[in-house]
Amino acid sequence: MKSELAALITIALEKLVADGALGELPDATPQIDRPRDTSHGDLSCNIAMVLAKRAGMAPRDLATQLIAALPDNSLVDRCDVAGPGFINFFVNQSQQTDIVQTILDAGETYGRSNTGAGQPVQVEFVSANPTGPLHVGHGRGAAIGDSLSRLLEATGWAVQREFYYNDAGQQINNLALSVQARAQGKDPSHKDWPADGYQGGYIEDVAAAYIAGETVQAADREITAKADIDDLDAIRDFAVACLRREQDQDLRAFQVVFDHYFLESSLYGSGAVEHTVNALQTGGHTFEEQDALWLRTTDFGDDKNRVMRKQEGGYTYFVPDVAYHHNKWQRGFKRVINEQGADHHSTITRVRAGLQCLDVGIPEGWPEYVLHQMVTVMRDGAEVKLSKRAGSYVTLRDLIDWVGCDATRYFLVARAPTSQLTFDVDLALARSNENPVYYIQYAHARCASVLRKATETGGQHDVADGLKHLERLNEPETLALLVSLARYPEVVATAAERLEPHDVANYLRELAADFHSFYNAHKVLEGAPETTDARLALVTASRQVLASGLNLLGVSAPDSM
RNA sequence: CCGCCCGUAGCUCAGCUGGAUAGAGCACCAGGCUUCGAACCUGGGUGUCGGGAGUUCGAAUCUCUCCGGGCGGGCCA
């Protein structure tokens, strides 16, 4: 509707130019907004104010001329000049009620688009190392990354969800040593406890399982414990599998499924790390200094150069990072989005710089990043300090157990990733029924309930008939609901484009509010049959959009609660 | 010291590629079910949009600066 109106205004502008009232056409398409105040019409345009100076005309005069030049159409009932020079449009009611027909015709495809045109995009998220259970921060990443993936799918992209983890290196060594120490009966107070050991209780469980010779199965691996306390490699492999399995279970409980797991160790096994080093040296951006090999990332915007190979000969983490992203590029992903905690933001510049140094045609802004800020957990009125080593932190599993998957997902995805998030456990526990997610789900359940009731009454009501009487949908509350339903496609498109899933959460709350107001003001199953049928059509459409939107957030849409 | 993010109602947060009188939830107050689900609805807001300056028809939104908070800044990951 917006684009149709913009086209009409463009025609009016052309007419003014032809008449000599305007010098030239603006380069951009006219901007159409939805006024907050309904007395300002259904849609408005600021074009007169934008062009006033160039036209040498008062904004209101220009607006008046534009209205006069507007071609005849069935879209707009009337338009006014208001305020400093806004043109306010009052849309024909049948245009608004037609959205019900549109939604029912489109079915589940309503709101979807094809801007991605089937192109592949990889979304990497969570990517937790297998050294402990997933915590709340990972949960935020999981909620955002998965919802982002769903949004991209809804806009026509072929999404691959990838999980990358470090299964080698020092942290994993610490893990293995910690498990070994536990297997030897030591605890963190023991004098021989590993210096940077993991102290969480889960280490004991892993040690016990190892000694018992258990077999564990994770999404990307299966392993049976060797039960040999002295075989550190075996302990390491087993511990990784155990924690991978824990994370998989948490993710499954969170309704998140990955398409692909990528192991850092594979970059060494495949020779990709060596190859990357050679390629960077060939590219001419490296130099040796103080017995170390450096990459001149400052050539591409970094604020200091980075060491690739340390004095002692090992590579810094930065090298496999570059190798990994080069691998993504080689896999054909012209578009990659990395969802990470903001504590890793400093890697963005150096990874991009490293990829530029490879000189293999990777665009400068590749890959894209979505960073989420920290999650603070409040409990008993105080902040819970997160400490992985000490093992004292709130896990994703804790949250799911306490408030449920739906509420946890909604809460973690409903706010802008850039804003720090306070998760008040007490509030979620004590008032779980007042969590916003129930408000939206309740609207959906109400839809289902009314439709159920309509069917039970013996079929004298029928949605198809309602579509012939959409003009009955003319009360203020009803029209407000129609407007919200009509907004859905642009909400999805914008959220996907801006990589901001929380737009959908906000929209759904507004849609649910409009539905509840409508529901409360008008009895669907009472009154004239034509009116009831029309309202049933509206309820059917509402239910569908609510379910569709909730699905984008990975939240269920129950028929009853 | 440098970089990124944030600062909006008592609390938690939307709104930020400039639009009209800055919004929602929670909390609090007053109403609304013999009728489709009251997990709902209706009404109730004295906010220096952290402070200041600039840009312009117009700034919570863009620029600069200062203040406050978070996170980074290692031949750790």
Side-chain angles (χ1 to χ4, degrees), chain A residues 31 33 35-37 39-40 44-46 48-50 52-53 58-59 82-86 88 129 131 166 169-172 196 264 289-294 302-304 306-318 320-321 341-350 371-374 376 378 411 414-424 427 431-443 445-454 456-457 477 497-498 502-503 505-507 509-510 512-513 515-526 532 535-536 539 560-561:
Chain A
Q31 180 185 333
D33 295 308
R36 178 173 293 122
D37 187 337
S39 72
H40 293 148
S44 75
C45 184
N46 65 355
M49 288 177 293
V50 174
K53 179 168 266 186
F86 289 101
N88 292 337
N129 285 338
T131 54
N166 176 333
Q170 194 51 43
Q171 297 307 317
I172 299 297
D196 293 316
E264 183 185 358
E289 194 175 292
Q290 295 174 346
D291 295 328
L293 181 65
W294 296 69
D302 204 356
D303 55 356
K304 60 180 73 166
R306 305 291 166 180
V307 169
M308 294 168 59
R309 192 170 54 222
K310 301 179 265 189
Q311 281 179 348
E312 44 91 348
Y315 296 117
T316 60
Y317 68 96
F318 158 69
D321 270 1
D343 53 339
H344 293 108
H345 82 264
S346 62
T347 66
I348 296 176
T349 307
R350 68 187 70 162
L371 301 180
H372 65 261
Q373 295 291 322
M374 302 289 96
T376 309
M378 299 288 289
F411 201 91
R415 283 152 178 85
T418 52
S419 87
Q420 292 165 38
L421 176 59
T422 302
F423 202 123
D424 189 329
L427 196 71
R431 305 190 178 82
S432 61
N433 281 358
E434 293 170 19
N435 190 299
V437 72
Y438 295 109
Y439 182 83
I440 300 165
Q441 290 182 318
Y442 187 50
R446 271 182 153 176
C447 289
S449 176
V450 171
L451 294 172
R452 206 158 45 225
K453 188 83 71 177
E456 283 166 6
T457 52
E477 299 85 357
E497 186 188 329
R498 306 204 306 188
H502 71 279
D503 289 347
N506 291 332
Y507 165 77
R509 174 155 254 298
E510 290 162 15
F515 180 80
H516 286 309
S517 293
F518 157 77
Y519 181 89
N520 206 265
H522 307 289
K523 296 289 180 190
V524 174
L525 299 178
E526 293 178 10
T532 290
R535 286 175 178 163
L536 282 171
V539 171
S560 62
M561 297 171 65

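Naming: A, B, ... by sequence-line order, numbering from 1 per chain. Heavy atoms only: backbone and side chains are in, while hydrogens, waters and symmetry mates are out. Please read these numbers as outputs of a predicted model, since none were measured by experiment.
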Atom-pair distance (NE2 on A:His516; C1' on B:rG25), nearest Å: 13 Å
Watson-Crick or G-U wobble mate for B:rU34, both contacts under 3.5 Å: none
Taking atom P in both B:rG70 and B:rG18, compute the distance separating them and give it to the nearest angstrom. 32 Å
B:rU56, OP1 or OP2 - any side-chain N/O from A:Lys53 closer than 4.0 Å? no
Round to a whole Å and report the spacing from NE2 of A:His344 to P of B:rG72. 9 Å
Side-chain donor/acceptor contact of A:Asp196 with base of B:rA77 under 3.5 Å: no
Using whole Å, report how far CZ of A:Phe515 lies from P of B:rU42. 13 Å
For a quick check, with a 4.0 angstrom heavy-atom cut-off, what is the B/S/- contact string for nucleotides 30-38 of chain B, read 5' to 3'? --B--BBBS
Quick one: does A:His516's side chain have a donor or acceptor within less than 3.5 Å of a partner on A:Tyr439's backbone? yes
Expressed in angstrom and rounded to an integer, what is the separation of A:Asp302 atom CG from B:rC2 atom P? 18 Å
Between B:rC13, B:rG72, B:rC75, which one does the side chain of A:His345 approach most closely? B:rG72
Counting distance only, does the side-chain N/O of A:Arg535 pair as donor-acceptor with the main-chain N or O of A:Lys523 below 3.5 Å? yes
Using only heavy-atom distances, determine whether the side chains of A:Asn166 and A:Glu264 contain a donor-acceptor pair under 3.5 Å. yes
Using purine N1 to pyrimidine N3 plus N6-O4 or O6-N4 for Watson-Crick, or N1-O2 and O6-N3 for G-U wobble, both under 3.5 Å, which nucleotide pairs with B:rG3? B:rC71
Is any side-chain N or O of A:Gln171 under 3.5 Å from a base N or O of B:rC76, one able to act as donor and the other as acceptor? no
What are the two closest heavy atoms between A:Arg446 and A:Phe515, and how far apart are they? CB-CE2, 3.9 Å
Is the phosphate of B:rG19, meaning OP1 or OP2, less than 4.0 Å from a side-chain N or O of A:Ser44? no
Residues A:Gly85 and A:Pro59: closest non-hydrogen pair is CA-CB, 4.2 Å
Toward the 5' end of RNA chain B, which comes first, A:Gln170 or A:Thr418, by nearest nucleotide? A:Thr418
Span that lies between the C1' atom of B:rA9 and that of B:rG25, in whole angstrom: 12 Å
Measuring only the P atom in each nucleotide, how far is B:rU17 from B:rA39? A whole number of Å is fine. 39 Å
In this structure, how many angstroms lie between the P atom of B:rC13 and the CZ atom of A:Arg415, rounded? 6 Å
Without hydrogens or angle criteria, can the side chains of A:Thr131 and A:Asn129 be said to hold a donor-acceptor pair below 3.5 Å? no
Give none if B:rC62 has no partner; otherwise give the nucleotide forming a Watson-Crick or G-U wobble pair with it, both distances under 3.5 Å. B:rG54
Pairing partner (Watson-Crick or G-U wobble, both distances under 3.5 angstrom) of B:rU48: none
Same-atom distance (C1') from B:rG47 to B:rA14, integer angstrom: 15 Å
Just how far, in rounded Å, is P of B:rC75 from CD of A:Glu312? 12 Å
What is the distance, to the nearest angstrom, from the CD atom on A:Gln420 to the C1' atom on B:rU12? 13 Å
Looking at A:Ala513, is its backbone amide N or carbonyl O close enough to the side chain of A:Ser517 to form a donor-acceptor pair, meaning the two atoms are under 3.5 Å apart? yes
A:Gln311 side chain vs A:Gln290 backbone, donor-acceptor pair below 3.5 Å: yes
Taking atom C1' in both B:rC71 and B:rA53, what distance in whole Å separates the two? 29 Å
Between NZ of A:Lys304 and C1' of B:rC75 the distance, given in whole Å, is 12 Å
Under 4.0 Å between a side-chain N or O of A:Ser517 and OP1 or OP2 of B:rU42? yes
Main chain of A:Val307, side chain of A:Thr316: is a donor-acceptor contact present, judged purely on distance under 3.5 Å? yes
Heavy atoms only: give me the nearest A:Phe411-A:Leu421 pair and the separation to one decimal. CE2-CD1, 4.0 Å
Going by the rule side chain to side chain donor-acceptor pair (under 3.5 Å), which residues pair with A:Gln31 if we only count those two or more places apart in sequence or in a different chain? A:Asp33
State whether the distance check finds a donor on one side and an acceptor on the other, under 3.5 Å, for side chain A:Tyr438 versus base B:rA39. no
Quick check: on RNA chain B, is the nucleotide nearest A:Ala414 upstream (toward 5') of the one nearest A:Pro59, or the reverse? Name the residue that is more 5'. A:Ala414
Looking only at side-chain N and O atoms, does A:Tyr439 come under 4.0 Å of OP1 or OP2 in B:rC26? no
Short heteroatom pairs, N/O only, protein and nucleotides 15-18 of chain B, under 3.5 Å:
unit_1	atom_1	unit_2	atom_2	d
B:rG15	OP1	A:His502	NE2	2.9

Watson-Crick/G-U partner (both atom distances under 3.5 Å) of B:rA22: none
For A:Phe86 and B:rG19, are the ring centres under 5.5 Å apart with planes inclined under 30°? no
How far apart are the C-alpha atoms of A:Leu536 and A:Leu525, what are their side-chain angles, what is the distance that settles it, and do they pass the side chain to side chain contact (heavy atoms under 4.5 Å, CB included) test? CA-CA 8 Å; A:Leu536 282 171; A:Leu525 299 178; 4.1 Å; yes
